[in-house]
Amino acid sequence: MWIARLDASHALAYRELMLEAYDRHPQAFTSSVRERAVMPLSWWEGRLTSKLDVVLGAFEGGTLAGIVGLAFEPREKARHKATLFGMYVSEDFRQHGLGYELVQAALAEAQNHPALKVVQLTVTAGNDAAFKLYERCGFIQFGLEPLAVRVGEDYFDKIHMWRELPQA
């Protein structure tokens, strides 16, 4: 297994894995499979080449098995924060530590940006495996957003978490 930053050449595999994520775990993402499936490949390429986002992928035997993103805040007063987003490991590759390695890689990437002091994220309430993973990676819960995501007629809360980055 290796982890690398994704670029435009990975757009098709990234799209496929994210659509799988949206389909299998709709309560975990604010985007839906229906709205993202119609996006052209150029949109996915743009996501991977944005100056404000870094998307990392875990590869197992040449297959994109997991992904995580780090979104940098462009506003002057908030440039000290980044948001971890789009964390997903394909079901075929779970229970092998890929999620932990992806989060660690995202935190290492954050460390490469000296202005960053905080990484934050949200996780769906009730997703205990993800919550525990983030806790193991040093994230702390600081809030709960009720009714954050609606899937059909059901609403799901989001737990807000943050982690301070160690200073060099």
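Nearest approach of Ala105 to Ile3, heavy atoms of both residues: CB-CG2, 3.8 Å. The two residues Leu102 and Gly66 have their closest heavy-atom pair at CD1-C, 3.6 Å. Contact between Ala65 and Leu98 at its shortest, heavy atoms only, is CB-CD1, 3.8 Å. Considering every non-hydrogen atom in both Pro26 and Val149, the closest pair reads O-CG1, 4.3 Å. Of all non-hydrogen atoms in Leu70 and Ala106, the two that sit nearest each other are CD2-O, 3.5 Å. Contact detail for Ala110 and Val119: the closest heavy-atom pair is CB-CG2, 3.9 Å.
Using modelled atom types and a 3.5 Å distance limit, the side chains of Asp92 and Ser90 yield no donor-acceptor pair. Side-chain contact check for Glu20 and Tyr88: at least one donor-acceptor pair (N or O, by modelled atom type) lies under 3.5 Å. Between the side chains of Glu145 and His160, at least one donor N or O lies within less than 3.5 Å of an accepting N or O.
Neither Leu133 nor Phe85 shares a network with the other; the hydrophobic side chains, linked directly or stepwise wherever heavy atoms of I, L, V, M, F, W or Y lie under 4.5 Å apart, form separate groups for each. Taken together through direct or relayed side-chain contacts under 4.5 Å among Ile, Leu, Val, Met, Phe, Trp and Tyr, Trp162 and Leu116 form parts of separate hydrophobic clusters. Under the 4.5 Å side-chain heavy-atom criterion for ILVMFWY residues, a single connected hydrophobic cluster contains both Leu165 and Tyr100. Leu52 and Met18 fall into different hydrophobic clusters, where Ile, Leu, Val, Met, Phe, Trp and Tyr side chains are chained together by heavy-atom contacts under 4.5 Å. In this structure, Phe72 is a member of the same hydrophobic cluster as Leu84, with clusters built from ILVMFWY side-chain heavy atoms closer than 4.5 Å.
A donor-acceptor contact shorter than 3.5 Å is absent between the side chain of Thr124 and the backbone of Asn127. Counting only distance, with no hydrogens or angles, the side chain of Ser50 and the backbone of Gly46 share no donor-acceptor pair below 3.5 Å. Between the side chain of Arg163 and the backbone N or O of Cys137 there is at least one donor-acceptor pair closer than 3.5 Å. Here the side chain of Lys158 pairs a donor or acceptor atom with the backbone of Ala28 at under 3.5 angstrom. No donor-acceptor pair under 3.5 Å is formed between the side chain of Asp157 and the backbone N or O of Ala125.
Residues Met87 and Val89 form a side-chain contact, since some pair of their non-hydrogen atoms from C-beta on lies under 4.5 Å apart. Proximity of Trp44 to Arg36: side-chain heavy atoms (C-beta onward) are separated by under 4.5 Å at one or more points. In this structure, Pro74 and Arg79 have side chains that are not in contact, with every pair of non-hydrogen atoms separated by 4.5 Å or more. In this structure, the side chains of Glu101 and Met1 come closer than 4.5 Å at one or more pairs of heavy atoms. With contacts defined as side-chain heavy-atom distances shorter than 4.5 Å, the pair Tyr14/Val55 qualifies. Using a 4.5 Å heavy-atom threshold, the side chains of Met161 and Ile159 count as touching. Phe139 has its side chain out of reach of Val123: every pair of non-hydrogen atoms, C-beta onward, lies at least 4.5 Å apart. Using a 4.5 Å cut-off on side-chain heavy atoms (C-beta onward), Tyr134 and Thr122 make no contact.
The line from CD of Gln120 to CD of Glu73 is 8.0 Å long, rounded to the nearest 0.5 Å. Rounded to the nearest 0.5 Å, atoms CD (Glu60) and CZ (Phe93) are 6.0 Å apart. Put simply, CG on Leu121 and OG1 on Thr83 are 8.5 Å apart, with the number rounded to the nearest 0.5 Å. Glu35 contributes atom CD, which lies 8.0 Å from atom OH of Tyr22 (distance to the nearest 0.5 angstrom). From Arg34, atom CZ reaches atom CG of Asp23 across 11.5 Å, with rounding to the nearest 0.5 Å. Rounding to the nearest 0.5 Å places CD of Gln111 at 10.5 Å from NE2 of His113.
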Steps toward side-chain contact (heavy atoms from CB on, under 4.5 Å) verdict (Phe131, Gln141): CA-CA 9 Å; Phe131 183 81; Gln141 179 177 344; 3.7 Å; yes
Criterion side-chain contact (heavy atoms from CB on, under 4.5 Å) on Leu56 and Arg5, from CA distance to verdict: CA-CA 4 Å; Leu56 303 172; Arg5 183 174 182 169; 4.0 Å; yes
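Phe59 and His10 have their aromatic ring centers within a separation under 6.0 angstrom.
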